[in-house]
There are 2 protein chains.
Amino acid sequence: MAASITLAVSTVIFALRPHPDTGHLALWLPLVRRIRSPHKGQWALPGGPLRADEDLAASAARNLRDTTALTPRYLEQLFAFGRPDRSDNRVAPENRTVSIVYWALVHADVASAGVESDNVHWFLAEDVPTLAFDHNQIIEYALWRLRNKMEYSRIATAFLGETFTLSELREVHEVVLERTLDPANFRRQIETSGDVIATDEFRMGGRHRPARLYRHNHSIELADNGPLTGR
Amino acid sequence: MAASITLAVSTVIFALRPHPDTGHLALWLPLVRRIRSPHKGQWALPGGPLRADEDLAASAARNLRDTTALTPRYLEQLFAFGRPDRSDNRVAPENRTVSIVYWALVHADVASAGVESDNVHWFLAEDVPTLAFDHNQIIEYALWRLRNKMEYSRIATAFLGETFTLSELREVHEVVLERTLDPANFRRQIETSGDVIATDEFRMGGRHRPARLYRHNHSIELADNGPLTGR
DNA sequence: CCAAAAGTGTTCATGGTACACCCATGG
DNA sequence: CCATGGGTGTACCATGAACACTTTTGG
């Protein structure tokens, strides 16, 4: 029997939701339970074979929609993983899988939290179990890319709604980067970057001065991917 | 007949050699002539199908060795290109190819220049002809990544031999970035980065003060690819 | 001595960091 | 009134850009 190579697309999906213990925002990601061998029953990244007439990014977006019922606010190719031994398939060792992995940011509102089922579960990024295949390493790499991009692009707004306060935007940075940021300096950096636009509205209700709402500047791409923009 | 997806690996290979007109260094890359349909006779990136038991990076290195008889000084995955229509194959429209593209830097010494044949030819990066498939766009993207990485990593040394002067290193940056750099400031930036180590030797022979030779610091990776290092 | 590149010193602008301080709201 | 986060001002420091200047070779 001839050896065959299967091409699959998987997606690492990130969202911010409150931490169950502290109540502060935390990074979450959804995983799916494998329903067949190999690694049947283990948790894994959402994904599946690339369809015959489907673009790579479209396949990632479809997997994302199927598992979370959400639309990605940001979607980018992460890496193609193809070590011959990564499938670890004792059943058919002459077959291997090459996975083209995307990573996505979604805005997880309350509604989307209810999409969980027995086979789909959201995990804290800091508390991911042992996964099928090399998916733990893939998530590590996706986290590294997310943190890198958080520092020199405007992807943070993808976690938020249409309008947001600068405190909310700062909290996104703080949660992802795992360090506190000076509110005064953060404000100035964001304001001079031109990435956000001030509105006339304010977030009222706190026991403190109302915070101005901003919206993000749609005329600027979330991240500069050079000649690949829009691909 | 069922639709099938072919998985191929291609490589964008960069080297620096003198420009035929000006004599200054310039960016070159080797292309191969396609010997079969589609696009038979046109120039294209070196590459081919992934072998059954071959790692992705190993496949790229093999393509590189076959076309240039060289070993890559730097090799990194660029992107996976998979638009369903990118093959433009009128013969078998139900088949498509997904290409995982790598990019490489090689040190092109005199010997390697003789490896050209009727089916392998080095082109100036600024003067690449119309290529098969979407390979022109792929090269544009590889150039963008090369220029980006040149500014915040130490890949420039991959173009040079074991020892080099700071002028030579600066010229690599200048040619790739297409702008001149202040020699005094460049020197200080490189020296404080710790990327290179001064030797006791000097490059003699010019009608000017001899230049100290440096070698690169092997204890630092050429580029920080995070958890993917060594993969 | 001159030309040319190697190498050093100094100044200035910019951008980030630390932190003091005032503002506006709810309670 | 107080507590709390929103928002402003300012001083300091590190980094990089610009450029004058000295050094060492070959011719």
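Chain letters run A, B, ... following the sequence lines, proteins first, then strands; residues in each count from 1. Not measured: the values here are computed from a predicted model.
A side-chain N or O of A:Glu126 and one of A:His19 form a donor-acceptor pair less than 3.5 Å apart.
Atom CD of B:Glu171 and atom P of C:dA5 are 11 Å apart (whole Å). In this structure, B:Leu213 atom CG and C:dA6 atom P are separated by 11 Å, rounded to whole Å. Whole-Å rounding puts the A:Glu168 CD to D:dG5 C1' distance at 13 Å. Distance B:Arg212 CZ to C:dT8 C1': 14 Å, rounded to the nearest Å. Between B:Asn185 atom CG and C:dA13 atom P there is a gap of 16 Å when expressed in whole angstrom units. Rounded to a whole Å, the CZ atom of A:Arg203 is 17 Å from the C1' atom of C:dG26. One atom, CZ of A:Arg209, and another, P of D:dG6, lie 10 Å apart when rounded to the nearest Å. Rounding to whole angstrom units, CG of residue A:Leu181 and P of C:dA18 are separated by 10 Å.
A perpendicular orientation is assigned to the rings of A:Phe123 and A:His121, their planes being inclined by more than 60° (bins at 30° and 60°).
Each of B:Val12, B:Leu177, B:Leu78, B:Val176 was scored for a side-chain contact (heavy atoms from CB on, under 4.5 Å) with B:Leu146, with one residue passing: B:Val176.
Counting only heavy atoms from C-beta on, B:His208 has its side chain closest to C:dA6 among D:dA17, C:dA6, C:dT25. Of the candidates C:dC23, D:dT24, D:dA17, D:dT24 carries the atom nearest the B:Pro210 side chain, counting heavy atoms from C-beta on.
Residue whose closest nucleotide on DNA chain C sits further toward the 5' end, between A:Gly205 and B:Glu191: B:Glu191. A residue-by-residue look at A:Arg207 and A:Asp182 shows that A:Asp182 has its nearest nucleotide of DNA chain C further toward the 5' end.
Remark: the B:Arg188 side chain and the C:dG9 base include a donor-acceptor N/O pair separated by less than 3.5 Å.
Note that CZ of B:Arg212 and CG of B:Leu166 are 10.0 Å apart. Values are rounded to the nearest 0.5 Å.
Close to D:dG7, at under 4.0 Å from its OP1 or OP2, lies a side-chain N or O of A:Arg187.
Residue A:Ser167 is classed as a sugar-phosphate contact, given heavy-atom separations below 4.0 Å to backbone atoms only.
Side-chain contact between B:Arg73 and B:Leu160: absent, with no pair of heavy atoms (C-beta onward) separated by less than 4.5 Å.
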